[in-house]
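A short worksheet on the structure shown next.
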Amino acid sequence: MVDEQTKVVIIPEFLTVRQLANLMDVSPIDIIKELMNAGLMVNINQQIDFDTAAIVASEMGFEAQPEAALAEEEEEEAIPVKQQFIAGEAPEDLVPRPPVVTILGHVDHGKTKLLDAIRHTNVAEGEAGGITQHIGAYQITHQGKHITFLDTPGHEAFTAMRARGAQGADIAVLVVAADDGVQPQTKEAIAHARAARVPIIVALNKIDKPNANPDLVKQQLADVGLTVEEWGGETICVPVSAKYETNIDELLENILLVSEVADLRANPNRPAVGTVVEGKLDKSKGPMATVLVQNGTLRVGDAVVIGEIYGRVRAMFNDRGQRVEEAPPSMPVLISGLSDVPAAGDILEVVENERTARLIANKRAAERQEAAVRPKEVFTLDDLYNQFQAGQVKELNLIIKADVQGSIEPIVTSLQKLGDESLQVNILHQGTGHITESDIMLAVASRAIVIGFNVTVDPAARRMAESEGVDVRVYDIIYKLIDDVDKALKGLLEPVYEDVTIGHAEVRAVFRVPNVGKVAGVYVLDGEITRNSLVRVHRGEEVIYEGQVASLKRFTEDVKEVKAGFECGVGLANFDDFEEGDIIEAYRKERVS
């Protein structure tokens, strides 16, 4: 909200660019421009923190105040506003809403069976036939209260939502098999839940098995920072058997307890805002999406925009396949009437009419095309200190992957000693094995840097890192790794470049040109030769020259580049001692860190 006389804007800890624009009653485009001037490339639905929002507000003539400070001045009971979708709502308009729960854990530990058991124990007799479709989420009732479960087991979907700026769940249930204990994917799931800052409830599954060892698993959990309540910690741990539906009610009671402490609220009396859980193309109904409503109420007939997709809600179905007319906060529904299939994590917004929705969608498409030709913002070690000085970062989020566990411990111990109280290292996840897409996805969602020691980067992970602007660094010397991070924290790190070959050409003739000297008539063997490219001249095994292309001609005309299979004339700066058979290697300097 904005105080019109003093132009004071009250800003929560985190909010999206669109929400900041609404609070200040300005165009989101103006805010994006201010952020671009500050060196940040963001989209309209991207989250920014209070410090970044305050800088933008100041540039636009507003005085920013944190939400907590307002609550102290007014001496009112503060309602936790951790959910990004209710930023700017009046406290009196907010009412309790059901929690949204995601199930995480190692493969084969029973995530899907647990979801099935929870659903089965909450279906009345004779009602099972009503469950007609999988929509990616479902809602159950326990003790008269609703709980919504994301029926997409695995942290990939959960983190995909966060990577697009959406907080997909309020509570994470971590499934750990009592006979198998904490595994690599268990640790990954913990890292993803912690990065999302959601409370974790442990469901200790398969307690019915004869080789179950709950105490050993609890010790393993304590070793990774999840000490259970009975051992003096704060982590709720419920022993369950998904196979025999044992203690399912106790698990649900604890979910409700945690949600009450979190004081989850929303405003049902406003146009809906939500997150896409799944999208699909139905042969008869066209593009459809499962939407988790997170604020407001979604109704049949509402005009909606989802990123670059628009439409009008033609029909809505709940997880039992029943038609519904409206969906309040935390309710998942399958909707039809869209222009295309949206992606998981995309934000749905209700707008005034379908024409407005189409205009917004088309404008976003144009903005995306413009952004595609601009270099993508990459958060790297090199510019960490500059962003810290600009107030844009307060900690360095790292994901550490190493070849063996013995390598991780000295790396983590050394890294945690770096920095000071104003800029610290925060290790989101550590594990053994190669760098994977899951690591990159966590880095995207958390603005983290991925560091590997004696490991490789999976090709798919490297492609994702390049497209998403994630800085990935691989080392084979621990000292160099620690030193680079230390220098980054102190603002001393220099960028590193490597030579990337772009083409080879063979000298097939040598010509003397008046007032110029000798030039080489060459045949381009592979790649290309470009004007001003860096080159090396190879004669046998020896490099006899390193320098730059001074001239490049096809026949009598100057050209910018010559590709493989063509002949051309090449002149080099300060070199004309060509011989037939010399190989000219063209390359460029590419920044790698």
Side-chain angles (χ1 to χ4, degrees), residues 1 15-23 25-29 43-47 81 83-90 93-95 97-98 100 135-137 139 148 161 164-168 264-279 285-318 323-365 367:
M1 55 185 174
L15 78 171
T16 64
V17 170
R18 180 184 296 281
Q19 289 162 350
L20 180 60
N22 291 339
L23 289 177
D25 195 23
V26 299
S27 167
I29 303 302
N43 60 50
I44 200 167
N45 293 315
Q46 193 161 333
Q47 250 192 350
V81 191
Q83 303 81 25
Q84 65 181 60
F85 291 101
I86 61 172
E89 296 282 359
D93 293 335
L94 300 176
V95 299
R97 65 168 177 82
V100 180
I135 68 169
Q139 197 169 64
T148 298
M161 293 183 185
R164 290 182 171 89
Q167 185 72 27
L264 305 170
R265 292 173 178 263
N267 176 10
N269 302 311
R270 56 149 289 165
V273 181
T275 302
V276 174
V277 178
E278 286 184 349
K285 298 173 184 174
M288 302 189 76
T290 299
V291 175
L292 178 63
V293 179
Q294 291 176 293
N295 199 17
T297 299
L298 184 63
R299 296 178 173 86
V300 172
D302 281 347
V304 298
V305 59
I306 307 173
E308 299 172 18
I309 296 167
Y310 63 91
R312 182 177 295 278
V313 180
R314 189 179 302 132
M316 287 199 301
F317 305 87
N318 64 17
R323 278 184 175 264
V324 292
E325 293 300 311
E326 59 181 36
S330 295
M331 180 174 176
V333 283
L334 184 67
I335 66 171
S336 64
L338 304 175
S339 61
D340 204 348
V341 179
D346 285 351
I347 308 298
L348 172 142
E349 298 167 277
V350 170
V351 295
E352 187 178 354
N353 52 51
E354 197 167 353
R355 180 177 176 275
T356 302
R358 185 185 296 108
L359 288 173
I360 293 173
N362 291 340
K363 186 176 182 181
R364 288 176 181 173
E367 289 171 352

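Keep in mind it's a predicted model, so treat the numbers as computed, not measured.
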On a heavy-atom basis, which atom in A357 and which in V305 lie closest, and how many Å separate them?
O-CG2, 3.9 Å
Hey, does the side chain of N295 reach the backbone of N267 with a donor-acceptor pair shorter than 3.5 angstrom?
yes
Starting at CZ of R299, measure out to CD of E325 and round the result to the nearest 0.5 Å.
11.0 Å
Quick one: are V304 and V291 in side-chain contact, heavy atoms under 4.5 Å?
no
Would you check if the side chain of R270 reaches a backbone N or O of G296 as a donor-acceptor pair within less than 3.5 Å?
no
E352 CD to L359 CG distance, which is reported to the nearest 0.5 Å
11.0 Å
Look up atom CG in D302 and atom CD in E349, then write down how far apart they are to the nearest 0.5 Å.
13.0 Å
Residues M288 and P342: closest non-hydrogen pair is O-CD, 4.3 Å
Spacing of CD1 belonging to I306 relative to OG1 belonging to T275, to within rounding of 0.5 Å:
10.0 Å
I335 and L338 have their tightest heavy-atom pair at CD1-CD2, 4.2 Å
Taking atom CD of Q294 and atom OG1 of T148, what is their separation to the nearest 0.5 Å?
10.0 Å
Which atom of P329 lies closest to which atom of P98, heavy atoms considered:
O-CD, 3.7 Å
Donor-acceptor contact below 3.5 Å, side chain Q139 vs main chain N318:
no
All heavy atoms of V276 vs all of A289, minimum pair found to be CG1-CB, 4.3 Å
For E326 against T297, the heavy-atom pair lying closest together
CB-CG2, 3.9 Å
What's the separation between atom CZ in R323 and atom CG in L334, rounded to the nearest 0.5 Å?
11.0 Å
